[in-house]
Amino acid sequence: METIKLTIDNRPVEVPVGTTVYKAAKTLGIDIPVLCYMDLHDLGIENKPAGCRICIVEIEGRRNLAPSCSTACANGMVVKTHTTRVINARRTVMELILSDHPKDCLTCPKSGRCELQDMAVKLGIRNIPGQEYAEMSTYKKDFSPSIIRDVDKCIMCRRCETMCNDFQTVGALSAVNRGFMSVVAPAFEQDLEKSPCTYCGQCVAVCPTGALTEVDHTPKVIRALADPTKTVIVQTAPAVRAALGEEFGLEPGTSVTGKMVAALRQLGFDYIFDTDFAADLTIMEEGTELLTRLGKHLSGDKSVKLPILTSCCPGWVGFFEHNYSDMLDVPSTAKSPQQMFGAIAKTYFAEKMGKKREELVVVSVMPCLAKKFECQRDEFKVDGNPDVDYSISTRELAHLIKEFNVRFNELPDEDFDRPLGESTGASIIFGATGGVIEAATRTAYELHTGKKLERLDFTELRGMEGIRSATIDFNGLPINIGIAHGLGNARKLLDEVRLGKTNYHAIEIMACPGGCIGGGGQPLHHGDTSILKARTKAIYAEDTGKTIRKSHENPYIIKLYEEFLGKPMSEKAHHLLHTHYFDKSKKDIFI
Amino acid sequence: MSHIKVELKKEQVAKLKEICKSFNNEAGELINVLHKSQETFGYLPAEVQEIIAKELNISVAKVYGVVTFYSFFTMLPKGQHPISICTGTACYVRGAEKVLDEFKRILEVKVGETTPDGKFSLSCLRCVGACGLAPVVSVGEKIYGRVSPDGVKDILKEYE
Ligand code: SF4
Ligand code: SF4
Ligand code: SF4
Ligand code: FES
């Protein structure tokens with residue numbers, strides 16, 4: 001490999017050709033500040049508009065200061081990152097960025113996690129010269145079911161655009177207008193709700209400021225908890241336990257399942273249940289659907305479509321409703337675990353408790369912002385009463401725990417309630433890319449072959465690569481499996497399926513990088529993808545630690561079918577656990 | 001951004017597709033495609049942008065982003081009589097702004113807009129090179145010099 005030698009802050013360093021000054025400095029442990037720049041290395045995403053100029057450094061022999069995030073190293077370069085000139089210029093840059101920024105920190109939803117705020121602190125900004133003359137932008141706030149856009153706080157780093165356009169290929173956002181009026185917005189500056197947005201939340205996950213945030217449902221949850229006429233039930237998604245600890249200063253990858261349950265009990269929820277239970281249920285339904293379709297297909301029934309696509313990710317569901325409306329019969333009809341849980345809670349469990357559905361409030365804790373939209377969809381309501389009342393993110397739960405004065409890190413480990421709190425290792429891995437299909441494989445294999453699996457870890461289905469495939473031997477029948485995470489990768493896979501170029505039997509798709517562990521509602525990773533890897537590890541470790549690791553062996557799932565649903569795909573199961581999709585390709589985007 | 005909803009005719013859609021095709025439906029040719037389309041239609045309503053986005057396989061948001069970035073592109077149809085007021089330095093110091101305000105007041109439109117009856121549209125432009133006549137106003141091809149706010153009424157009368 002060809003290398004380059006240079007010095008940064010008087011220290012020599014040798015880096016491969018093409019390395020930027022910013023990255024070279026990092027190898028020396030020098031953190032040059034950046035704002036617009038973002039490098040999600042493991043996902044192959046780099047946002048490098050070189051627009052903010054906060055990362056400027058002095059390079060000997062050059063007249064102008066250079067943006068280190070986009071300046072390549074050269075042999076013999078002498079770089080200084082903290083001369084008086086650099087420090088003054090960097091401060092001026094920051095003051096300019098802040099001059100038209102709302103001074104809202106006290107009430108801003110991003111406060112405390114805001115990269116812009118952190119930068120102001122780091123640079124010691126104490127006043128903003130000339131701000132009394134600075135014109136302030138006054139865009140209207142845009143409220144969608146999941147996401148709030150407050151573009152007055154936008155600093156035009158364009159990270160959201162990179163996520164939405166390059167990584168997700170949704171194309172809901174673009175920089176529009178010029179100069180002072182420029183913002184990132186949907187086409188024709190319409191509300192997000194009128195755009196092809198999937199509410200995956202990946203733009204929120206990378207926005208350095210309060211310009212993009214989630215709709216906060218915690219006030220409604222607090223009200224429900226205080227209402228003596230309501231029985232409040234909570235369900236927690238698999239990926240939440242692998243990340244919640246980060247909000248309390250714990251190492252990324254620390255599983256906090258027991259503490260989370262204890263905290264939820266302290267918050268006053270009447271029943272602490274687990275979305276994992278519903279994930280097991282999903283496997284029963286989706287797995288059976290796969291085997292039924294497969295059986296028909298093998299017996300020559302041409303009307304049956306393969307591959308079957310997973311349908312547990314509402315971001316992905318939104319994406320295919322907008323972009324693959326010609327293929328609406330390809331995905332599984334199984335609802336997402338969140339919605340399956342809600343449907344069972346407000347029927348089976350309500351009956352058990354002798355309560356009416358209106359007396360129950362179902363709250364979900366999700367790593368996801370699309371779930372906020374999903375639980376408001378009309379088809380998931382009975383006479384206007386939603387199966388899931390409120391969906392809060394991992395971040396919102398952390399906030400709730402803090403607001404309720406709970407010392408999280410000192411909590412003892414507690415257990416979920418029964419019956420809807422029992423789960424298997426198979427359901428936990430739903431939280432990582434490849435996990436749903438691995439869980440389905442464990443069950444479908446045993447149901448199809450009648451044999452016991454000897455090896456439960458299908459490591460060939462795991463990993464961080466955007467598109468993966470593997471063939472699993474179902475006792476002589478080779479089953480071809482495809483996996484994609486990130487909607488751009490999903491698009492690549494789906495385009496091939498549409499052209500009939502693949503021979504997959506089943507495909508798992510997750511909208512977010514790494515699967516739900518990288519969801520838009522998770523603690524912010526601030527561009528550090530090692531955090532995503534640590535969460536994935538925690539998920540698989542939880543699976544290994546479980547005694548029951550196959551969905552069809554969950555005793556409470558078996559009981560649910562015996563007492564209530566009959567068989568998977570029965571009429572009742574169909575009614576409660578399956579859904580249908582809508583063609584949104586022609587959604588009118590005009591007022 | 002306000003919109004006037006436009007129903008594109010079949011031939012117009014075909015024409016747009018043809019324009020895109022003449023640039024090989026390449027996303028990199030977006031600006032050229034927009035130029036050509038505006039030449040053909042006079043302006044770039046949302047419906048036109050949507051077709052272009054689809055043909056070039058890019059998002060509508062991106063197309064709109066480019067349309068709003070370059071002041072040459074417009075999403076509003078020009079009026080039958082497009083009015084331009086020069087706000088170059090010479091005209092400005094000689095009171096172009098007051099003239100502009102008078103146009104705005106009488107026509108009840110903002111800069112960049114067209115009157116509801118489609119008769120007049122209002123825009124500003126930079127120096128037309130007739131500084132000796134400042135402030136200068138043009139209506140269609142016709143140039144008016146030394147316009148005062150009081151003269152605005154008379155100019156408009158000519159087009160009634
Ligand atoms: S976006 Fe950041 S800097 Fe701006 S008001 Fe919110 S917390 Fe403060
Ligand atoms: S939520 Fe996802 S689809 Fe919607 S604007 Fe953000 S990145 Fe794009
Ligand atoms: S909305 Fe946020 S992520 Fe997008 S450009 Fe503005 S500040 Fe950056
Ligand atoms: S971080 Fe380098 S220009 Fe913004």
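Note that the coordinates shown come from a computational prediction; the quantities given were computed from them, not determined experimentally. Order of the sequence lines fixes the chain letters, A, B, ..., with proteins taken first and strands second; residue numbering starts at 1 for each chain. Values reported hereafter were calculated over all heavy atoms of this structure, with side chains retained and with hydrogens, waters and symmetry mates removed.
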Inset, instruction - Assess whether atom NZ of B/K119 is packed by more than 12 heavy atoms of other residues, nucleotides or ligands within 6.0 Å. - result: yes
Inset, instruction - Please report the closest heavy-atom contact between B/A61 and A/L173, naming both atoms and the distance. - result: CB-C, 3.9 Å
Legend entry - Neighbour count above 12 (heavy atom, 6.0 Å) for B/N57 CG: no
Legend entry - From OG1 (B/T68) to CD (A/E189), nearest 0.5 Å: 6.5 Å
Legend entry - Inter-residue atom distance A/Q190.CD - B/Y64.OH, 0.5 Å rounding: 8.5 Å
Legend entry - Neighbour count above 12 (heavy atom, 6.0 Å) for B/K36 NZ: no
Legend entry - Distance in Å, A/F188 CZ paired with B/M75 CE, rounded so as to fall on 0.5 Å steps: 5.0 Å
Legend entry - Atom NZ of B/K104 with >12 non-hydrogen neighbours under 6.0 angstrom: yes
